[in-house]
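Just the heavy atoms: all of them, side chains too, but no hydrogens, waters or symmetry mates, feed the values below.
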Amino acid sequence: MSRSVPYQPLLLRLLHGVSGILAIAAIITGFLVYNTYDGRFGKIPFPQLGDIQGIHGTFALFFLIVLPAFALYSFHAGNRRLIQANSWEQFSQVGKPIWWVSLQRLANTLMLIASVFSVISGRMMKEEWLPAGEIHHIWYTLHLIAWCVIVGCLAIHLLMSIKVGGVPLLLSIFSLQVRPEDSPNQWVTRYRTWWSSLQTNFGERFNQLLDNNLSLRIIEAFVLIGVVVAFLLPVFFSE
């Protein structure tokens with residue numbers, strides 16, 4: 001397998017970079033929240049930060065703002081990095097390169113789903129619960145589970161990236177190279193072309209999407225609806 005540095009689209013690098021930084025920051029501060037107020041499954045003697053919940057919530061909110069754009073890109077331009085219609089068949093080919101690729105695709109897809117559960121459960125939590133020792137709430141439990149799934153999927157994502165493409169694949173996401181056809185100056189033109197094509201052949205393209213990967217379209221609908229719910233739930237359930 002070639003170890004030359006592959007080229008990643010600029011928009012992917014930007015969305016991946018921003019969402020990745022925010023997600024990792026939310027993961028770390030989320031652990032510090034657990035470490036400060038919970039610790040049932042073990043804890044580390046870190047110095048306590050007085051407003052760690054507020055810091056975690058800030059990173060999580062910015063991640064939620066970026067999530068719709070990243071999800072749309074992932075389900076369309078980046079759909080090859082998510083589960084495919086034949087992914088379950090490929091899982092039977094244990095040890096082969098396609099098995100590792102399929103495992104990474106599954107982890108990427110689960111990470112998007114877990115992100116939705118994370119932002120919904122986080123938005124439904126009350127700041128006073130944990131300082132008061134109220135760790136029994138279902139929203140907090142769901143938030144912990146989502147955190148664990150995201151951490152596990154992120155680890156698989158990184159390990160499989162190294163397994164499939166090596167260090168060059170990891171470094172490619174930080175590359176500053178921009179091809180002329182990938183320049184931001186071309187984004188508006190490419191978007192208009194895509195939108196015009198979609199309007200002209202909407203029925204055909206929609207059926208093609210369903211036929212090619214129905215399960216991914218269902219997951220996409222769940223993720224996008226979940227993001228909208230995450231924005232709206234606190235409005236309806238606020239005191």
Side-chain angles (χ1 to χ4, degrees), residues 1-30 58-84 87 97-98 100-116 118-119 147 149-195 197-198 209 213 216-217 219-220 223-224 226-227 230:
M1 181 179 294
S2 173
R3 292 298 180 182
S4 60
V5 177
Y7 180 81
Q8 304 289 351
L10 177 59
L11 185 57
L12 170 63
R13 278 178 276 161
L14 292 175
L15 291 173
H16 188 279
V18 173
S19 60
I21 291 172
L22 292 173
I24 291 173
I27 287 172
I28 294 173
T29 54
T58 299
F59 283 122
L61 177 59
F62 280 109
F63 174 73
L64 173 59
I65 293 173
V66 175
L67 183 57
F70 181 68
L72 282 172
Y73 185 93
S74 299
F75 284 113
H76 293 277
N79 64 345
R80 292 185 179 180
R81 297 175 176 87
L82 302 177
I83 60 169
Q84 304 297 302
S87 288
I98 191 60
W100 299 106
V101 172
S102 298
L103 181 60
Q104 186 185 47
R105 287 170 172 169
L106 177 62
N108 294 344
T109 307
L110 287 177
M111 193 153 33
L112 284 170
I113 296 173
S115 295
V116 170
S118 177
V119 294
W147 184 92
V149 173
I150 292 173
V151 170
C153 289
L154 179 60
I156 294 175
H157 173 77
L158 294 174
L159 290 173
M160 291 306 101
S161 294
I162 295 174
K163 176 69 177 180
V164 173
V167 175
L169 179 59
L170 291 180
L171 294 179
S172 67
I173 205 68
F174 303 104
S175 173
L176 299 179
Q177 178 187 4
V178 179
R179 294 176 179 174
E181 66 273 14
D182 196 26
S183 169
N185 296 330
Q186 302 296 323
W187 288 356
V188 174
T189 301
R190 293 170 63 181
Y191 171 77
R192 288 175 177 172
T193 301
W194 173 81
W195 182 249
S197 175
L198 181 63
L209 286 173
N213 201 344
L216 192 60
R217 299 283 73 80
I219 295 173
E220 178 184 4
V223 169
L224 296 179
V227 170

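For P68 against V227, the heavy-atom pair with the smallest separation is CG-CG1, 3.5 Å. Considering every non-hydrogen atom in both G226 and V116, the closest pair reads CA-CG1, 3.6 Å. For the pair Y7 and R13, the tightest heavy-atom approach, listed with the atom from each and the gap, is OH-NH2, 3.2 Å.
Every side-chain contact (heavy atoms from CB on, under 4.5 Å) that L216 has, sequence neighbours left out, goes to F75, N79, L82, I83, N213. The side chain to side chain donor-acceptor pair (under 3.5 Å) test applied to T29 returns H56, not counting sequence neighbours.
Within the model, atoms CG of L112 and CD of E220 stand 10.0 Å from one another, a figure rounded to the nearest 0.5 Å. In this structure, the separation between CD1 on I27 and CZ on F63 is 8.5 Å, given to the nearest 0.5 Å. To the nearest 0.5 Å, the span separating CE on M111 from CD1 on I113 amounts to 11.5 Å. With values rounded to the nearest 0.5 angstrom, S19 atom OG is found 12.5 Å from L64 atom CG. Note that CG of L61 and CG of L67 are 12.0 Å apart. Values are rounded to the nearest 0.5 Å. Between K163 atom NZ and Q104 atom CD the span is 12.5 Å, to the nearest 0.5 Å.
In terms of modelled atom types and a separation under 3.5 Å, the side chain of S118 and the main chain of A114 share no donor-acceptor contact. Formation of a donor-acceptor pair under 3.5 Å by the R105 side chain with backbone atoms of Q84 is not found in this model.
By the 6.0 Å contact criterion, OH on Y73 is enclosed, its count of non-hydrogen atoms from other residues, nucleotides or ligands being greater than 12.
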In a table with atom names and distances, give each donor-acceptor pair under 3.5 Å that connects a side chain of residues 149-158 to protein atoms at least two apart or in another chain.
{"from": "H157", "atom 1": "ND1", "to": "N108", "atom 2": "OD1", "distance (Å)": "2.7"}

